Amino acid sequence: MFADLHLHTLYSDGTYSPEELVAAAQQLQFQTLAVTDHDTVEGCAPTAEICARLGIEFITGTELTAEFNGQEVHILAYFLDITNPKLLQALARFQIVRQNRIREMVARLNRLSIPLDAELVFALANCRSPGRPHVGRALVQAGYCADLDEAFERFLKKHRPAWVPKFKISALDSIELIHGAGGLAIMAHPGLNHYDDAIPELVEAGMDGLECFHTKHSPEACEHYLRLARDHRLLVTGGSDCHGWSKGRPTIGSVRLAPEYVERLKARSRDIKAKANGPLCPGETLLCSPSRRS
Ligand code: AMP
Ligand code: FE
Ligand code: FE
Ligand code: ZN
């Protein structure tokens, strides 16, 4: 009865379609899934539909690229109303920024005598929220790099020649945006950001939780963030951050979040929605309730 609350699909930089993602999750006997594609919620409805057919619980989500005092932080959102107009407007803006950034990265590659075509990257990405991994895959496909790691190391990593800084929403605004769409705001993979100093101020601003369990967190990092979550009375989440086959083998299965954490998230989400709209039926916070397994 475990959960994976950090999953990417081909609606951002993952390689799994919703069908492939749910099939992988089903094989590992996950009971609850959340799709958290970068700056988009487009993968939620198709994944929710498949989950509903199979009796798997689905939670809507996204992973916003934000910044706090000049440093990048990723903010996960859960239980979002994915029809919220302000949320959709903001996501559309982030996606345009991402698309313009791809053009700029390709222009820089062109100046390095790599004649990559931006349209080729967009065709390969085939989504509204393209990112550096798509440029990397295009470089590999065209034979300029042996693999994605080489593409990042030579060109795409921060301060490498084709890297382009990206406008990011402020972390404080991202929390407001998420709460406005009825969601919970969680700091993603804090152990990768090395930015614990940001946590008290973000908690002050209403951040709801920490992703304590993550594929790349050591057992010590997990313990550390569980302690911080307890000290700040924060919710605890976890997930594999699986991108399908994008970075080697799929990582789904590497994190199995215990059901009590999901129950606490659901309870908080219900409280928030009850306060905003008056009493709701249990289960109404989900995009769709799971149907029974046949
Ligand atoms: P972007 O949002 O366009 O800045 O791209 C960031 C994404 O690139 C991350 O979410 C990762 O999925 C991916 N990424 C970062 N570093 C690497 C790397 N060294 N190799 C492969 N993928 C990477
Ligand atoms: Fe990613
Ligand atoms: Fe992230
Ligand atoms: Zn992620």
Side-chain angles (χ1 to χ4, degrees), residues 3-18 21 24-25 33-44 47 59-68 71-78 80 91 94-95 97-99 101-102 105 121 124-138 148-149 151-152 156-158 163-164 166 168-169 171 174-175 178 183-195 198-199 202 207 209-217 221 225 237-255 257:
D4 189 333
L5 302 184
H6 193 153
L7 296 162
H8 294 269
T9 72
L10 43 66
Y11 286 91
S12 69
D13 58 359
T15 65
Y16 278 152
S17 65
L21 177 68
L33 303 181
V35 163
T36 54
D37 274 315
H38 300 285
D39 298 331
T40 180
V41 291
E42 283 174 287
C44 290
T47 312
I59 297 169
T60 57
T62 186
E63 181 176 17
L64 299 180
T65 308
E67 62 94 23
F68 189 71
Q71 281 203 52
E72 185 166 318
V73 286
H74 291 184
I75 305 290
L76 291 161
Y78 294 112
L80 289 166
L91 294 177
F94 305 153
Q95 290 160 17
V97 167
R98 281 182 170 274
Q99 290 160 21
R101 181 170 175 246
I102 298 281
M105 284 192 280
V121 179
L124 182 149
N126 193 27
C127 72
R128 291 196 178 89
S129 200
R132 283 180 290 164
H134 297 115
V135 180
R137 283 181 220 163
L148 204 57
D149 269 344
F152 270 86
L156 303 172
K157 252 171 75 166
K158 195 169 182 179
W163 173 74
V164 176
K166 178 172 61 172
K168 303 172 197 82
I169 184 172
S174 78
I175 294 169
I178 291 164
L184 300 175
I186 311 285
M187 187 190 263
H189 43 66
L192 305 190
N193 296 88
H194 308 291
Y195 196 16
I199 293 171
L202 294 177
M207 186 172 75
L210 289 181
E211 187 182 45
C212 298
F213 302 101
H214 183 275
T215 306
K216 291 193 175 163
H217 281 179
Y225 288 107
T237 72
S240 64
D241 207 351
C242 180
H243 285 71
W245 293 94
S246 178
K247 306 181 210 172
R249 291 195 70 76
T251 55
I252 187 167
S254 62
V255 172
L257 186 71

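Just so we're clear, the structure is a prediction, and the values are computed from it rather than from any experiment. The figures here come from the full heavy-atom set of this structure, side chains too, leaving out hydrogens, waters and symmetry mates. Start at 1 and go down the list; that is how both ligands and their atoms are numbered.
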Can an N, O or S atom be found in E63 less than 2.8 Å away from the Fe ion (ligand 3)?
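Under 2.8 Å: E63 contacts the Fe ion (ligand 3) through an N, O or S atom.
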
For the Zn ion (ligand 4), does an N/O/S atom of H243 lie at less than 2.8 Å?
no

Check whether any N, O or S atom of H74, backbone or side chain, sits closer than 2.8 Å to the Zn ion (ligand 4).
no

What is the name of the N/O/S atom in [X] that sits closest to the Fe ion (ligand 2)?
| X | value |
| --- | --- |
| H38 | NE2 |
| H243 | NE2 |
| D13 | OD2 |

Quick one: report the N, O or S atom of E63 that is nearest to the Zn ion (ligand 4).
OE1

Would you say the side-chain atoms of T9 pair up with the backbone N or O of Y11, donor to acceptor, closer than 3.5 Å?
yes

Starting from the C-alpha separation in whole Å, work towards a yes-or-no answer on side chain to side chain donor-acceptor pair (under 3.5 Å) for Q71 and H194.
CA-CA 10 Å; Q71 281 203 52; H194 308 291; over 6 Å; no

Side chains of H217 and E211: is there a donor and an acceptor less than 3.5 Å apart?
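No, E211 and H217 have no side-chain donor paired with an acceptor closer than 3.5 Å.
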
Do the non-hydrogen side-chain atoms of I252 and L7 ever get within less than 4.5 Å of each other?
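The answer is yes; the side chains approach within 4.5 Å.
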
Test side chain to side chain contact (heavy atoms under 4.5 Å, CB included) applied to H134 and C127, step by step:
CA-CA 10 Å; H134 297 115; C127 72; 4.0 Å; yes

Of all N/O/S atoms in H189, the name of the one nearest the Fe ion (ligand 3)
NE2

H74, N/O/S atom nearest the Fe ion (ligand 3)
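Result for H74 and the Fe ion (ligand 3): ND1.
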
Quick check for you: with the Zn ion (ligand 4) as the vertex, what angle do OD1 of D241 and NE2 of H8 span, to 10°?
90°

Salt bridge check: are R98 and D39 linked by an N-O gap of less than 4.0 Å?
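Result for this pair is yes, salt bridge flagged.
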
Let me know which of H8, H214, H189 forms a ring pair (Phe, Tyr, Trp, His ring centres under 6.0 Å) with H74.
H189

